[in-house]
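Written below as structure tokens is the structure these notes are about.
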Amino acid sequence: MPRIFARPLSLAIFLLIATFIPIITGALTMYQITAGSLPQSSIKFAAVPGPLFFHALGGVLFALLGPLQFAGVLKRRFGRLHKITGRIFVASGLLLGLSSLRLLAEFPDASTWVLISARLAAGLGMSLALIWAIVAIRRGQVARHRAWMIRAYAVGMGSATISFIMLPIFLITGEPVEGYAADLLFVASWIINIAIAERVIRKGKPASIKRLGKSALPLPLPPLPSSLR
């Protein structure tokens, strides 16, 4: 990982740039719903504007707060604010995941079985990861909490990765990717994000634990001889 990404502010800026397209898309969707001006390609969602609006709202908040949480920009100087935004981040992630499941239930035939299955797995996986993150931090398991939060963020930001995949293809060919090819690219974007997340989690572990596993954890000290007590 480049040294620039080790700096909290630089990492936050990088992540915000990487999620710029989903943030703008989500904000535009919320405006279109409130203004009653959904485009023809999304007109079917006019029947369920609530779930679509909350899905867009959850996505925007999740994308905006994620960089601040993971880069440690707030944690180092504003610990209390970090906790507050962390709660909002988790709530927005659950809103994003659960609303995606609601939209899948409303439109079960909107996509191919490949994309529907992937979206179902992503919605469930992200929601469960956030719940496990909450359980971990309540038990004082900070490292496990961080790992599950990173996994949830990686799944939730699959739309950012697919944008970076689809846009160059469109600029080169002049046509959007459609059909099973588009579905496979969506699945690939989630796989890429999860792989990166697992690498980040592994690099964040102490070297001794990575090499030796549980055997590297500190062992209890033997009792001192009575003469030294």
Side-chain angles (χ1 to χ4, degrees), residues 15 18-19 21-30 32-33 38 41-42 44-67 69-70 86-137 144-166 177 180 182-198 200-201:
L15 291 175
T19 56
I21 294 178
I23 291 172
I24 296 300
T25 302
L28 179 61
T29 299
M30 287 190 291
Q32 291 171 337
I33 293 172
L38 282 171
S41 59
S42 303
K44 63 184 177 182
F45 293 113
V48 285
L52 181 62
F53 180 87
F54 288 123
H55 185 71
L57 175 62
V60 169
L61 291 175
F62 199 70
L64 283 173
L65 294 177
Q69 293 301 112
F70 294 114
R87 293 187 179 99
I88 299 174
F89 175 77
V90 170
S92 62
L94 290 172
L95 189 63
L96 176 63
L98 296 177
S99 62
S100 69
L101 297 177
R102 172 66 187 280
L103 290 173
L104 281 176
E106 291 286 347
F107 304 98
D109 301 323
S111 304
T112 65
W113 68 269
V114 174
L115 189 53
I116 289 176
S117 300
R119 284 175 172 167
L120 178 61
L124 285 173
M126 184 175 66
S127 301
L128 289 174
L130 289 168
I131 292 172
W132 287 330
I134 295 171
V135 172
I137 198 63
R144 182 169 294 182
H145 165 76
R146 178 178 178 272
W148 283 115
M149 290 284 272
I150 291 174
R151 290 180 180 118
Y153 180 72
V155 174
M157 290 297 98
S159 57
T161 304
I162 193 62
S163 301
F164 282 97
I165 296 175
M166 292 284 202
V177 182
Y180 278 103
D183 295 350
L184 292 176
L185 288 177
F186 269 101
V187 174
S189 69
W190 277 306
I191 293 175
I192 291 170
N193 280 17
I194 292 172
I196 294 174
E198 293 302 323
V200 170
I201 292 168

When rounded to the nearest 0.5 angstrom, what distance separates [atom1] in [X] from [atom2] in [Y]?
X      : Y      : atom1 : atom2 : result
Ile33  : His55  : CD1   : NE2   : 10.0 Å
Leu95  : Leu61  : CG    : CG    : 8.0 Å
Ser100 : Leu96  : OG    : CG    : 6.0 Å
Asn193 : Met157 : CG    : CE    : 9.0 Å
Ile150 : His145 : CD1   : NE2   : 9.5 Å
Leu103 : Leu52  : CG    : CG    : 6.0 Å

Validation: residues 125-132 side-chain donor-acceptor distances under 3.5 Å, sequence neighbours left out:
| from | atom 1 | to | atom 2 | distance (Å) |
| --- | --- | --- | --- | --- |
| Ser127 | OG | Gly123 | O | 2.9 |

- request: For side chain to side chain contact (heavy atoms under 4.5 Å, CB included), just list the numbers for Arg144 and Trp148, CA-CA rounded to whole Å, side-chain angles, deciding distance to a tenth of an Å, and then say yes or no.
  value: CA-CA 6 Å; Arg144 182 169 294 182; Trp148 283 115; 3.7 Å; yes
- request: Please state whether the rings of Phe45 and Phe107 are parallel, tilted or perpendicular, taking 30° and 60° as the class boundaries.
  value: perpendicular
Identify the two heavy atoms, one from [X] and one from [Y], that lie closest to each other, and give their separation to 0.1 Å.
X      : Y      : answer
Ala46  : Pro49  : O-CD, 3.2 Å
Leu185 : Met166 : CD1-SD, 4.0 Å
Gly26  : Ala56  : O-CB, 3.5 Å
Trp190 : Leu115 : CZ3-CD1, 4.5 Å
Ile23  : Val60  : O-CG2, 3.7 Å
Leu64  : Pro67  : O-CD, 3.5 Å

task: For the pair Gln69 and Val90, evaluate side chain to side chain contact (heavy atoms under 4.5 Å, CB included) and give the outcome as yes or no after the intermediate values.
output: CA-CA 11 Å; Gln69 293 301 112; Val90 170; over 6 Å; no
Contacts of type salt bridge (Lys or Arg N to Asp or Glu O under 4.0 Å), residue Arg102, not counting sequence neighbours: Glu106
Residue pair Ile192, Ile165: steps toward the side chain to side chain contact (heavy atoms under 4.5 Å, CB included) verdict: CA-CA 11 Å; Ile192 291 170; Ile165 296 175; 4.3 Å; yes
field: side chain to side chain contact (heavy atoms under 4.5 Å, CB included) between Thr25 and Ile21, worked out
entry: CA-CA 6 Å; Thr25 302; Ile21 294 178; 3.9 Å; yes
- prompt: Who pairs with Val187 by side chain to side chain contact (heavy atoms under 4.5 Å, CB included), at least two apart in sequence or on another chain?
  reply: Val114, Ala118, Ile191
